[in-house]
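Each remark here refers to the structure printed beneath this line.
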Amino acid sequence: MKIAYLSGSYLPSRQANSIHVMRMTSAMAELGHDVVLYGYVGDSTVPDQQLADYYGVDQRVRIQRLVPRRTRIGRELKYAWQLRSLVASQGPDLVYGRHLLSLLSCARNAPTIYETHAARDGVNSFLEARLLQHKNLKAVIAITHALADAVQSKRALGVPISVEPDAVSPINYASVEPVSLDGDGRLKVGYCGHLYPGRGAEQLIEIACLRPQYDFHIVGGEPSDLNRVSALATNVRNIKFHGFVPPHQVPSYLAAFDVLVAPYQRRISPYGGGDIARWISPMKLFEYMDAGKAIVISNLPAIAEVIEDNQHVLLVDPESVKAWCHALDRLDSPNLRRHLGSNASNLVHNKYTWKKRAKRILDQFASREDSIQ
């Protein structure tokens, strides 16, 4: 198929949504589809032909970036209007995306699939309700069951809703060279990701103080968040902040750690604010699982949808520092680390890859279209 993917992401950027759309469109291209990804110009010093290398994905996706306007309303309206003509000229067999205004603008051109990652409010709630009633909308993809239920309440025309969590592009970790870290013989606990409120970096500092025998490493974070969090750890000697690294370099850090952690809190702020704790399907979890390392992660309902405690990960009360310390103490055992890491790796490779995710979605769409015809 010819697929137009309408993202609304800044390419490249440090935001998770940009990584998601690059991984998803790459998977569609790997399946043999002709994909054009539309987005905004992020870092203008990175040309289109280098974006795939920056994200470490397939080169076959065609990328068309538009220059954003300064004001939000003007930016969104102009973007949707520009895509209306660009997508029409592409003549796609399928319009796919997450950007509501553009999807509404372009749905007239082809059958459309809407993917949602958070409950909508305000103007976006109105736009979503309009899209859910569009005659060309063929399916909705939600990343968690809780989010699917939230969308279900707005559905008007019986459009099918499927739940598809985030995923990973598997990496051959046998060929990944780990970064060099100090502290031979000490348990190395790693976190990779943003440091927005609710991600648990502050709690990690508290845990590091209580477990001086372990080394803690934090990779990622915008400069302002990194400064805020690192200032809290001025006198903590067993924690190191590595700062932001491009997506294609993250596996080298994951390979160097013994235990990977994701201490999400009960309220999680994404970029731009709000709370996504009820809907979150963190790519971080699937990337951790791919690395084959033991994982400790907060026991939130949306996270527990895809993994089992003591089978794939250790699920821990997000608010209990004592429970986190106990989980890390358990993982001082190499045997338990190997058991959990192997199970997690097998699960993610068998079910949660971007290619399998894209295939499930597109196969369902194709089968429904065939039955209609």
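Start at 1 with the first residue, then count along the sequence.
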Distance check, rounded to the nearest 0.5 Å: [X] atom [atom1] versus [Y] atom [atom2]?
| X | Y | atom1 | atom2 | result |
| --- | --- | --- | --- | --- |
| Leu86 | Asn109 | CG | CG | 10.5 Å |
| Gln311 | Leu347 | CD | CG | 9.0 Å |
| Leu147 | Ile141 | CG | CD1 | 11.5 Å |
| His194 | Ile268 | NE2 | CD1 | 13.5 Å |
| Leu362 | Ile113 | CG | CD1 | 6.0 Å |
| Ser13 | Ile19 | OG | CD1 | 7.5 Å |

Under 3.5 Å, side chain of [X] to main-chain N/O of [Y], donor-acceptor pair present?
| X | Y | result |
| --- | --- | --- |
| Ser105 | Ala80 | yes |
| Arg337 | Ala294 | no |
| His134 | Asn136 | yes |
| Trp81 | Ser102 | no |
| Asn17 | Ser9 | no |
| Gln203 | Tyr264 | no |
| Ser7 | Tyr38 | yes |
| Asp332 | Leu187 | no |
| Lys359 | Leu31 | no |
| Tyr5 | Met22 | no |

So, for [X] and [Y], which heavy atoms are closest and what is the spacing to 0.1 Å?
| X | Y | answer |
| --- | --- | --- |
| Ala27 | Ala358 | CB-CB, 4.0 Å |
| Ala327 | Leu314 | O-CD1, 3.8 Å |
| Ala118 | Trp279 | CA-CD1, 3.9 Å |
| Ser175 | Asn172 | OG-O, 2.8 Å |
| Pro212 | Asn238 | CA-ND2, 3.5 Å |
| Leu226 | Ser230 | O-OG, 2.7 Å |

Any chance the side chains of [X] and [Y] put a donor and an acceptor closer than 3.5 Å?
| X | Y | answer |
| --- | --- | --- |
| His20 | Asp166 | yes |
| Ser18 | Tyr55 | yes |
| Glu305 | Thr144 | no |
| Tyr114 | Glu128 | yes |

Hydrophobic clusters here meaning ILVMFWY residues chained together by side-chain heavy-atom distances under 4.5 Å, can you tell me if [X] and [Y] are in one?
| X | Y | answer |
| --- | --- | --- |
| Ile171 | Leu285 | yes |
| Tyr214 | Phe241 | yes |
| Trp354 | Val163 | no |

Check: For Tyr352 and Val168, what are the C-alpha separation, side-chain angles and deciding distance, and is it a side chain to side chain contact (heavy atoms under 4.5 Å, CB included)?
Finding: CA-CA 6 Å; Tyr352 297 115; Val168 71; 5.8 Å; no
Check: Mind checking what makes side chain to side chain donor-acceptor pair (under 3.5 Å) contact with Lys351, not counting sequence neighbours?
Finding: none
Next item on the list: Please identify each residue that fulfils side chain to side chain donor-acceptor pair (under 3.5 Å) with Arg65, with sequence neighbours left out.
Entry: Asp48
Next item on the list: May I have the step-by-step check of side chain to side chain contact (heavy atoms under 4.5 Å, CB included) for Tyr40 and Arg75, ending in yes or no?
Entry: CA-CA 10 Å; Tyr40 289 116; Arg75 179 174 67 242; 3.3 Å; yes
Check: After noting the C-alpha distance and the side-chain angles of Val21 and His99, does the key distance pass the side chain to side chain contact (heavy atoms under 4.5 Å, CB included) rule?
Finding: CA-CA 11 Å; Val21 301; His99 191 261; over 6 Å; no
Kindly state each residue pair satisfying salt bridge (charged side-chain N to carboxylate O under 4.0 Å, His left out) with at least one member in [range], sequence neighbours excluded.
| range | value |
| --- | --- |
| residues 174-189 | Arg186-Asp215 |
| residues 5-29 | Arg14-Glu222 |
| residues 276-299 | none |

Notebook entry, point to check: Is any NZ, NE, NH1 or NH2 atom of the basic residue among Glu164 and Lys356 found under 4.0 Å from an Asp or Glu carboxylate oxygen of the other?
Noted result: no
Item checked: Pair Arg267 + Asp275, salt bridge at N-O below 4.0 Å -> yes
Next item on the list: Over 60° means perpendicular and under 30° means parallel, so classify the ring planes of Tyr253 and Phe257, tilted if in between.
Entry: tilted
Note to self: A quick test of your reading: do over 12 heavy atoms of other residues, nucleotides or ligands sit less than 6.0 Å from NE2 of His326?
What the structure shows: no
Next item on the list: May I ask you to check whether over 12 heavy atoms, not counting those of Arg130, lie within 6.0 Å of atom CZ?
Entry: no
Checklist line | side chain to side chain contact (heavy atoms under 4.5 Å, CB included) assessment of Met28 paired with Tyr96 | finding: CA-CA 11 Å; Met28 291 174 171; Tyr96 190 107; 4.0 Å; yes
Note to self: Clusters formed by hydrophobic residues whose side-chain heavy atoms approach within less than 4.5 Å: which one holds Val41, and what are its other members?
What the structure shows: Val67
